[in-house]
Amino acid sequence: MKEVCIADLQKRFGSENVNFFAGPNGLPSVKLSNSFGEVEICVYAAHVMSYKRPGEEPILWMSQKSMFTVGEPIRGGVPICWPWFGPHAEGKFAGHGYARLAMWDVTAAAQAANGETAVTMQLTEKDVDAKFAPAPFRLEFTVTLGAALTMDLKVYNTGDADLTYSGALHSYFNVADSAAIKVEGLKDCKYLDKVLNTEGVQSEDIVIDREIDRVYCRTAGVCRVVDPGFGRVIRVAKSGSNSTVVWNPWIEKSKKMPDFGDEEYHTMVCVEAANVPAADDARTLAPGAMGELIQVISVE
Ligand code: TA6
């Protein structure tokens with residue numbers, strides 16, 4: 001795994017609003033801060049770890065038991081699932097792809113006149129363990145902190161053959177009490193229920209009263225996490241995605257995950273901008289083409 005020098009990153013990209021630091025377990029990380037709030041991103045996995053607006057509860061959730069170990073996924077924030085969503089097709093590798101297990105490069109940072117602060121990180125097949133036999137690609141992930149948090153994943157096919165992939169911006173949201181929230185925006189949407197292995201149609205707003213692991217199909221719409229406990233609504237918009245995943249592990253699954261506290265299901269819900277194959281939403285790029293997956297998080 002490549003070595004990343006924090007001092008070098010600060011020298012090349014640092015500013016009043018962009019500061020690199022040794023994050024959890026010393027992992028190279030960057031903090032974007034401005035009048036809109038603060039975001040911390042780990043260069044390992046290009047992983048948005050936290051997002052906070054002035055005077056509010058954190059918007060993203062992070063497990064107290066998350067491992068911040070190279071080679072392991074970070075549990076919380078916004079994992080970048082790529083180039084496959086869910087289990088590996090041949091079962092040869094862990095779920096959700098290798099992008100969240102690699103050390104990315106920082107390629108740009110900017111402070112805009114409107115007060116927004118952005119950083120871009122990049123990953124190519126040269127940065128990925130050869131065991132994955134990755135086809136040529138380049139990922140560019142730009143995080144922009146403004147009135148909203150915008151995460152933009154660009155996928156470039158740098159090879160000479162078609163590139164097919166799936167994935168997600170697998171966002172974990174911080175809520176006061178998951179049993180008291182509702183997720184709006186998916187009513188009347190068909191879903192694949194990964195707990196019951198059935199299909200269904202969402203008749204009402206989603207409430208969390210059991211393990212929920214659903215892939216909502218043919219939906220490009222906005223979701224709203226209505227949280228009475230924190231007295232707020234988190235608005236989750238997206239583009240480049242026609243499948244939205246909603247997940248809460250609830251009691252039994254929480255106990256089975258070593259990097260997830262037994263009681264932590266009470267304070268989180270995942271609403272993910274995804275490209276899920278089972279929802280006919282895998283993507284294929286011709287040589288030289290670019291695909292894009294964007295999630296925009298704001299508070300109403
Ligand atoms: O997005 C929901 C999901 O696919 C669930 O099935 C659960 O596995 C979750 O992702 C977390 O996956 P991970 O590989 O990060 O443990």
Side-chain angles (χ1 to χ4, degrees), residues 24 42 44-49 60-102 132 151 153 165-175 178 181 183 185-186 189 191-200 202 206 208 210-217 219 223 225 236 238 241-262 264-279 281-282 293 295 297:
C42 194
Y44 168 65
H47 195 113
V48 175
M49 297 185 285
L60 295 176
W61 177 93
M62 180 63 70
S63 171
Q64 294 301 311
K65 301 184 72 174
S66 178
M67 291 180 276
F68 291 93
T69 309
V70 169
E72 294 293 337
I74 295 171
R75 176 68 67 193
V78 184
I80 297 175
C81 302
W82 196 89
W84 64 86
F85 179 86
H88 182 259
E90 288 92 52
K92 287 165 56 179
F93 303 114
H96 289 334
Y98 47 67
R100 65 174 184 168
L101 305 176
F132 295 113
M151 297 176 286
L153 180 68
Y165 64 90
S166 59
L169 295 175
H170 190 299
S171 303
Y172 287 75
F173 293 100
N174 177 41
V175 298
S178 56
I181 67 167
V183 178
L186 295 165
C189 199
Y191 64 84
L192 311 176
D193 189 317
K194 291 167 55 183
V195 177
L196 303 176
N197 288 319
T198 58
E199 294 183 5
Q202 190 63 41
I206 299 166
I208 311 291
R210 70 198 74 178
E211 180 182 357
I212 300 276
D213 190 352
R214 296 178 183 170
V215 178
Y216 289 85
C217 306
T219 174
C223 288
V225 179
V236 189
K238 64 175 185 175
S241 158
N242 286 318
S243 42
T244 294
V245 179
V246 176
W247 180 57
N248 181 293
W250 208 239
I251 301 167
E252 294 314 317
K253 183 137 190 197
S254 296
K255 290 175 183 170
K256 292 176 185 161
M257 293 186 283
D259 61 348
F260 196 109
D262 290 358
E264 287 190 314
Y265 67 93
H266 289 295
T267 57
M268 55 69 69
V269 65
C270 285
V271 179
E272 307 160 32
N275 296 136
V276 179
D281 197 19
L293 176 61
Q295 190 178 64
I297 300 169

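Keep in mind it's a predicted model, so treat the numbers as computed, not measured. Nothing fancy with the numbering, it's 1 onward along the sequence. Counting starts at 1 for both ligands and their atoms, in listed order.
Those atoms of ligand 1 that come under 4.0 Å of a heavy atom in F85, given as number and element, are 1 (O), 4 (O). Close contacts of ligand 1 with V245, meaning ligand atoms under 4.0 Å from a residue heavy atom, involve 1 (O), 2 (C). Counting the atoms of ligand 1 from 1 in the order shown, those under 4.0 Å from a heavy atom of H96 are 3 (C), 4 (O), 10 (O), 12 (O), 13 (P), 14 (O), 15 (O). The distance from ligand 1 to the heavy atoms of E272 drops below 4.0 Å at these ligand atoms: 1 (O), 2 (C).
At a heavy-atom cutoff of 4.0 Å, ligand 1 is contacted by the side chain of R100 but not by its backbone. At a heavy-atom cutoff of 4.0 Å, ligand 1 is contacted by no atom of M257, backbone or side chain.
In summary, D193 and R214 engage in a salt bridge, as defined by a charged side-chain N under 4.0 Å from a carboxylate O.
With hydrogens and angles left out, the side-chain atoms of E272 and S171 include no donor and acceptor closer than 3.5 Å. In summary, the side chains of Y191 and E199 do not present any donor paired with an acceptor at a separation below 3.5 Å, with no hydrogens or angles considered. Looking only at atom types and distance, the side chain of R100 has no donor-acceptor partner in the side chain of Y44 under 3.5 Å away.
The nearest protein atom to atom 5 (C) of ligand 1, hydrogens excluded, is given as D213 OD2, 3.2 Å; this is a heavy-atom distance. Looking from atom 16 (O) of ligand 1 to the surrounding protein, the closest heavy atom is R75 NH2, 2.9 Å. In terms of protein heavy atoms, atom 4 (O) of ligand 1 is closest to K194 NZ, 3.1 Å.
For F173 and W61, the ring centers sit 6.0 Å or farther from each other.
A perpendicular orientation is assigned to the rings of H96 and H170, their planes being inclined by more than 60° (bins at 30° and 60°).
Of the inter-residue distances, the one linking E252 atom CD with M257 atom CE reads 11.5 Å to the nearest 0.5 angstrom.
Closest to atom 9 (C) of ligand 1 by heavy atom, among R214, H170, K253, is H170.
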